[in-house]
Number of protein chains: 2
Amino acid sequence: MSDIKSPAAPGHWREAELRQGIELLFFAYRDFTAGPDHMLEKYGFGRAHHRVIYFVGRHPHMNVTELLGILRITKQSLNRVLSQLVRQGFIRQTPGVNDRRQRLLELTEQGVALERDLSENQRGFIARAYREAGPEAVDGFRKVMIDLVADPADRARFTRGGKRG
Amino acid sequence: MSDIKSPAAPGHWREAELRQGIELLFFAYRDFTAGPDHMLEKYGFGRAHHRVIYFVGRHPHMNVTELLGILRITKQSLNRVLSQLVRQGFIRQTPGVNDRRQRLLELTEQGVALERDLSENQRGFIARAYREAGPEAVDGFRKVMIDLVADPADRARFTRGGKRG
DNA sequence: GATTTTATGTCAGACATGTTGACTTATCTT
DNA sequence: AAGATAAGTCAACATGTCTGACATAAAATC
């Protein structure tokens with residue numbers, strides 16, 4: 001498939017092979033995000049809103065501090081997009097049960113619908129590539145991608161099957 | 001390694017498996033870009049400058065239209081970062097030989113040095129993951145990533161070993 | 001009970017990156 | 001000569017990010 005050959009010694013990669021990896025990440029990510037970016041336009045939302053919708057959908061009743069830790073942005077940045085999503089009825093905030101300072105986040109019915117549309121688009125995008133590449137390639141893909149996640153806490157999200165079911 | 005099992009029928013993937021793929025792309029890309037983002041701060045540059053430096057470094061004497069096609073941004077957006085890079089001595093423009101309307105782009109000595117630093121960081125990032133995952137996983141990774149590139153012209157960049165050597 | 005810490009929100013100002021639209025200049029093509 | 005193309009420019013604006021300062025409520029600690 002690729003002109004790039006396996007390296008002579010395992011574990012030693014040529015500059016060209018590593019550079020190919022750099023470009024693969026750039027192009028794959030660019031195309032991976034294009035669909036949702038386009039879908040979100042009609043709501044006046046961007047990629048930041050998508051990330052919030054996605055992770056709140058995945059982890060209902062998550063609090064703001066947890067979300068900030070995943071997104072790695074400041075609370076001011078988050079607050080702008082989050083308050084838009086709350087105002088426009090995609091996310092609901094409820095006070096924490098044990099700690100009433102917290103505002104636990106969850107998708108509204110409208111939020112669930114939007115999250116489903118966005119996720120379906122991206123799942124379809126991934127599914128096409130998985131289907132073309134085959135199950136063995138997908139195993140290798142997952143292995144490398146998990147190793148690319150630098151933060152051990154985030155990596156554990158995948159090696160343990162995710163924080164929540 | 002992962003709790004997610006292979007699907008019953010090859011080519012049919014469970015929702016959870018595809019969702020894992022979505023998250024892997026998010027986290028891997030987030031961590032992949034963090035190093036260069038930090039390195040570029042001291043020059044007052046951002047990710048857009050990095051992309052320009054990278055592709056001009058990879059394809060010396062590329063013209064502006066070609067670069068716009070890769071980056072998928074408007075010429076006004078490009079021109080802002082490009083003119084900064086030219087003014088600050090990282091990129092040199094020379095008139096095209098056959099077509100003197102073109103301004104062919106290449107890195108200056110200073111530009112080459114910065115590109116090398118940035119690329120070394122990202123190659124190291126990729127190399128670590130490749131080393132941990134092993135050669136077979138890397139083959140699968142490349143296969144899936146190439147299939148994730150939606151645009152056939154961009155995909156050909158990888159299946160033919162790149163436009164230039 | 002008073003103090004400190006934590007979780008969250010808010011206001012102000014700034015910067016980086018992207019957009020659209022209109023226009024200019026130089027050069028190539030027909 | 002006319003039209004198309006490559007590149008640049010000016011203006012206005014949207015989004016997403018940042019820092020810094022401050023406010024409020026509730027929890028934790030002394």
Side-chain angles (χ1 to χ4, degrees), chain A residues 26 29-30 33-34 36-56 61-88 91-106, chain B residues 26 29-30 33-34 36-56 61-88 91-106:
Chain A
F26 169 76
Y29 196 77
R30 185 196 64 179
T33 51
D37 282 357
H38 189 258
M39 294 170 68
L40 288 159
E41 270 173 21
K42 74 170 181 184
Y43 300 97
F45 293 157
R47 204 172 292 178
H49 302 81
H50 183 188
R51 292 192 286 250
V52 171
I53 287 172
Y54 179 85
F55 284 108
V56 171
H61 310 298
M62 169 180 256
N63 68 42
V64 172
T65 302
E66 285 169 345
L67 186 51
L68 286 173
I70 289 179
L71 298 178
R72 302 263 178 90
I73 57 175
T74 60
K75 69 178 171 183
Q76 295 92 329
S77 298
L78 173 60
N79 206 253
R80 175 151 54 190
V81 297
L82 184 55
S83 59
Q84 285 176 313
L85 289 167
V86 170
R87 264 201 310 277
Q88 297 186 37
I91 285 183
R92 183 168 38 240
Q93 293 171 313
T94 55
V97 187
N98 302 322
D99 185 340
R100 287 193 333 229
R101 292 173 303 182
Q102 297 179 341
R103 306 201 190 167
L104 305 186
L105 307 171
E106 60 185 331
Chain B
F26 169 75
Y29 196 78
R30 184 196 66 180
T33 51
D37 281 357
H38 188 258
M39 293 170 69
L40 288 159
E41 271 173 21
K42 74 170 181 184
Y43 300 96
F45 293 156
R47 206 172 289 179
H49 301 81
H50 183 188
R51 292 192 287 251
V52 171
I53 287 172
Y54 180 83
F55 284 108
V56 171
H61 310 297
M62 170 180 255
N63 68 41
V64 172
T65 303
E66 286 169 345
L67 185 51
L68 286 173
I70 289 180
L71 298 177
R72 302 263 177 91
I73 58 176
T74 59
K75 70 178 169 181
Q76 295 92 328
S77 296
L78 172 60
N79 206 254
R80 178 157 47 199
V81 298
L82 183 55
S83 59
Q84 285 176 314
L85 289 166
V86 170
R87 264 201 310 278
Q88 298 187 36
I91 286 183
R92 183 169 37 240
Q93 293 171 313
T94 55
V97 186
N98 301 324
D99 186 339
R100 288 194 331 232
R101 290 173 303 181
Q102 296 180 342
R103 305 201 191 168
L104 305 185
L105 307 171
E106 60 184 332

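Naming: A, B, ... by sequence-line order, numbering from 1 per chain.
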Quiz prompt | B/Leu104 side chain reached by B/Met62 side chain, heavy atoms, under 4.5 Å | solution =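 B/Met62 vs B/Leu104: side chains apart.
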Quiz item: Hey, does A/Val52 have a side-chain heavy atom less than 4.5 Å from the side chain of A/Phe45?
Solution: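 No; the side chains remain at least 4.5 Å from each other.
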Quiz item: Considering residues at least two apart in sequence or located in another chain, which fulfil the salt bridge (Lys or Arg N to Asp or Glu O under 4.0 Å) criterion with B/Arg101?
Solution: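 Partners of B/Arg101 under the salt bridge (Lys or Arg N to Asp or Glu O under 4.0 Å) test: B/Asp99.
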Quiz item: Can you name the salt bridge (Lys or Arg N to Asp or Glu O under 4.0 Å) partners of B/Arg92, sequence neighbours left out?
Solution: B/Glu106
Practice problem: Would you please confirm or rule out a distance under 4.0 Å between OP1 or OP2 of C/dG18 and any side-chain N or O of B/Thr74? | Solution: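 False: B/Thr74 side-chain N/O out of range (4.0 Å or more) of C/dG18 OP1/OP2.
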Self-check item: Gap between atoms CZ and P, on B/Arg30 and D/dT17 respectively (whole Å)
Solution: 13 Å
Quiz prompt | Spacing between B/Glu41 atom CD and D/dT19 atom C1', to the nearest angstrom | solution =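 Atom-to-atom, B/Glu41 to D/dT19, this comes out as 12 Å.
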Quiz item: B/Arg72: what forms a side-chain hydrogen bond (donor to acceptor under 3.5 Å, both in side chains) with it, not counting sequence neighbours?
Solution: B/Asp151, B/Asp154
Quiz item: Bend angle of the helix from C/dG1-D/dC30 to C/dT30-D/dA1 from five-pair axes at both ends, rounded to 10°?
Solution: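 Answer rounded to 10°: the end axes differ by 20°.
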Practice problem: Could you run through nucleotides 8-17 of chain C and give me one letter per nucleotide, 5' to 3': B if any protein heavy atom sits under 4.0 Å from the base, S if only the sugar-phosphate is that close, - if neither? | Solution: BBBB----SB
Atom pairs and distances, donor-acceptor, side-chain atoms in residues 78-85 of chain B, under 3.5 Å, two or more places apart:
unit_1: B/Ser83; atom_1: OG; unit_2: B/Asn79; atom_2: O; d: 2.8
unit_1: B/Ser83; atom_1: OG; unit_2: B/Arg80; atom_2: O; d: 3.1
unit_1: B/Gln84; atom_1: OE1; unit_2: B/His49; atom_2: NE2; d: 2.6

Quiz item: Looking across every strand, which nucleic acid part, if any, lies under 4.0 Å from B/Asn98 by heavy atom: base, sugar-phosphate, or nothing?
Solution: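 Contact class for B/Asn98: sugar-phosphate only.
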